[in-house]
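One structure below.
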Amino acid sequence: MEVRTRFAPSPTGYMHIGNLRTALFEYLISKKYNGSFILRIEDTDQKRYVKNSEDLIYKTLRSVNLKHDEGPDIGGNFGPYVQSQRKELYLKYAQKLIKKDKAYYCFCNKNRLEKIEGGYDRCCRNFSIEKINKLINKNTSHVIRQKIPLDGNTSFFDEVFGEITVENNDLDDQILIKTDKLPTYNFANVIDDHLMKITHVVRGSEYLSSTPKYNLLYEAFGWEIPKYVHLPLIMGKNLDGTVSKLSKRHGSVSFEDLIKEGYLPEAILNHIVLLGWYPNNKKEIFSLKELENEFSIENISKSQSIFDFDKLNWFNFEYLKSKTQNELLKLFNFYIKKSIDKNLDYKKIVNMLKNRITKLSEIPEKISFLDKFENYDVNIYINKKSKTDVKSSFFVLEFVLKKLENLDDWNLENLHDLLVNTAKELNLKNGAVMFPVRIAISGKLITPGGAAEILDIIQKEESIFRIKKSIALIQKMGFKKS
RNA sequence: GGCCCGGUGGUCAAAAGGUUACGACACCACCCUUUCACGGUGGUAAUACGAGUUCGAUUCUCGUCCGGGUCACCA
């Protein structure tokens, strides 16, 4: 039998990282067994519907390369793939259940329900046919509820968690069809999964406790029960140290937020696949193709995991490192433009930034000094290791300035040599020259890149200008020429 | 609170009765170095607790504790 999995997001406006991870696992399971990955939109809650969020779902799946084989946009043999377009179907099946005495009409209004303590009291469960007909003829609004057995227990087998048994007593007569005639999530899920021939129901473990009700439904219909694969939850750490289901208060937890922060889709995917699954080897960096081969249901873990931004940073850094200069140029372009107005060589900036950033959003702040030169505290010239102070720096700068003014062929190699030779000439450590020059042209104690690199990027005219300015600054603020 | 699930360093996690308890991230130190990074080397740090089963428990059983999930006309 063909393995079929489905990703069934609700169009609520953003892609939660936990949802994406579920989609990933569903995709991987289908690929692992050469099966199909189906996309189904679950829009039965008209109140929460956010317009155009289907587009966001498509866009997200595309950007992480999770291609679906069937779905609203590409069709398939089991459509329609949007639940609101399947409305009549659910009602029909619910009525079938009523005939089988596995479901019943409930006429309780919300007011009454709210007053009952301890959940629904099953007051409509045993209404006579006459009474029901009368109420329906009077157009009394109603829902359809599942008729859960009053005693006994229900077991199901989960591929990750194993056998789980609960007392039927603990299950409530959940609503199948709402007053608006649309199905609830739990009901629509069962119907659609069966009709779409889904073999593996993959979802977060928050659904573990409602799964017995699913089984009862499948049994009532006489349908084959799919394999359940419940995934351990992704958690977030709260400010007070406690943990809870990953949500907005934990920071950026939607895919699009993470992208905005400058994380790469591949890095995000790689990070979340390792949250709840582990490979048989010690490997950590996986391409999607590799995952398709190596993924296995047996290696899904049971315990929840915390979404760790440090680790994500590391993954992002690793993926950034593996990019070519051209790829980086494309990736960095937008962020460099944010803080650079001048016409500088972006390639050089990329080279300088490489290995120095973990996420793209760090770029603007890191390189703004290339564009704007601001006054600074001259005390930053004092450095033990480089054996520099304000006075020595002043001397070096004046010395180097003349040499730079005479340098015609302004390139990285020549600049580097010039500085090294200067140090030799003055009988100083390299650092004693590099350090003050770097500060003089950047105005910063810490910069990405060294003196030669920065000189090369901002070019001769600006370099000379900045050094002169720095010399003047030292004279004015700290050290009087003797 | 009832029910369900889980519990190995700060985080992710390997070890499916016998190990000096693997590895990665983070952290720290040192080396390299032109600041910061990168890179290299090394280090700190864990089986929640208590009983049992066993020659021997991280591993099996039970209890306690802790954590999480769920109890909607939301998904």
Side-chain angles (χ1 to χ4, degrees), chain A residues 8-10 12 19 42-45 47-48 106 108-110 113-114 118-120 141-145 158 160-162 164-167 169-172 174-180 182-186 188-189 203-212 230 232-233 235 237 241-245 271 274-285 301-315 317 321 352-358 366 380 383 385-386 416 419-420 423 429-439 442 444-454:
Chain A
S10 296
T12 53
N19 273 129
E42 310 223 332
D43 59 347
T44 55
D45 184 3
K47 289 184 285 286
R48 285 216 301 171
C106 171
C108 297
N109 58 35
K110 281 186 185 162
L113 257 18
E114 272 166 23
Y120 178 59
S141 83
H142 58 271
V143 300
I144 297 177
R145 286 182 183 272
D158 181 82
V160 175
F161 290 90
I164 293 172
T165 303
V166 298
E167 306 261 337
N169 210 338
D170 294 321
L171 271 22
D172 63 325
Q174 66 170 342
I175 290 171
L176 268 19
I177 301 287
K178 301 181 276 188
T179 322
D180 63 4
L182 281 168
T184 53
Y185 165 84
N186 286 328
N189 237 262
R203 52 182 9 175
S205 65
E206 69 262 40
Y207 295 107
L208 223 37
S209 42
S210 49
T211 305
H230 284 93
L233 259 21
M235 313 298 282
K237 200 167 220 153
T242 59
V243 293
S244 52
K245 222 160 67 162
H271 179 48
L274 258 14
L275 255 30
W277 175 81
Y278 55 88
N280 284 325
N281 44 40
K282 295 282 179 225
K283 212 161 105 162
E284 296 218 84
I285 304 285
S301 54
K302 289 184 192 151
S303 45
Q304 60 197 23
S305 49
I306 293 171
F307 191 85
D308 182 8
F309 283 91
D310 280 332
K311 189 87 184 203
L312 210 214
N313 284 341
W314 178 75
F315 275 116
F317 180 75
K321 252 189 347 195
M352 179 176 85
L353 249 19
K354 198 174 171 172
N355 291 342
R356 285 195 170 92
I357 55 161
T358 55
K366 273 212 157 78
I380 60 178
N383 183 279
K385 229 178 106 203
S386 301
H416 179 261
L419 294 173
V420 170
K429 284 177 63 176
N430 283 348
V433 174
M434 303 285 198
F435 189 82
V437 170
R438 189 177 54 77
I439 289 173
S442 66
K444 294 207 173 300
L445 178 59
I446 293 168
T447 60
E453 267 176 298
I454 297 170

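Residue numbers begin at 1 in each chain, while the letters A, B, ... track the order of the sequences. These values consider heavy atoms only, across backbone and side chains, with no hydrogens, waters or symmetry-generated copies.
When the C1' atom is used for both B/U11 and B/A16, the distance is 24 Å, rounded to whole Å. Atom P of B/A48 sits at a distance of 25 Å from the matching atom of B/C3, rounded to the whole Å. Taking the P atoms as reference points, B/G43 lies 10 Å from B/G23, given to the whole Å. Here the separation of B/A46 from B/C31, taken at their P atoms, is 28 Å to the nearest Å. Nucleotides B/G1 and B/U64 have their P atoms positioned 13 Å apart, rounded to a whole Å. One P atom belongs to B/G50, the other to B/U58, and the distance between them is 12 Å to the nearest Å. Remark: the separation of the P atoms in B/C4 and B/G9 is 26 Å, to the nearest Å.
The side chain of A/D45 approaches B/C74 more closely than any other nucleotide in the set B/C74, B/U35, B/C3. Side-chain proximity of A/T242 to the nucleotides B/G7, B/U70, B/G68 is greatest for B/G68. Out of B/U11, B/U34, B/G67, the shortest distance to the side chain of A/V243 is found at B/G67. Candidate nucleotides B/A26, B/C36, B/G68 were compared by shortest atom distance to the side chain of A/R356, and B/C36 ranks first.
Across all strands shown, B/G52 forms a Watson-Crick or G-U wobble pair, both distances under 3.5 Å, with B/C60. Applying the Watson-Crick and G-U wobble criteria (two distances, each under 3.5 Å), B/G23 pairs with B/C12. When both pairing distances are held under 3.5 Å, B/C3 makes a Watson-Crick or G-U pair with B/G69.
Per the geometry, CZ belonging to A/F309 stands 14 Å off P belonging to B/C12, to the nearest Å. In this entry the distance linking OH of A/Y120 with C1' of B/G2 reads 21 Å, nearest Å.
With respect to A/R48 and A/E42, no salt bridge is recorded, no charged nitrogen being found less than 4.0 Å from a carboxylate O.
Taking the six-membered ring for Trp and the full ring otherwise, the centers of A/F315 and A/F317 sit at least 6.0 Å from each other.
Mapping A/S244 and A/K321 onto RNA chain B by nearest heavy atom places A/K321 at the nucleotide closer to the 5' end.
Shown here for A/K237 and A/V243, the closest heavy-atom pair between the two residues is CA-CG1, 4.2 Å.
Syn is the conformation of B/C38, whose glycosidic angle sits no further than 90° from 0.
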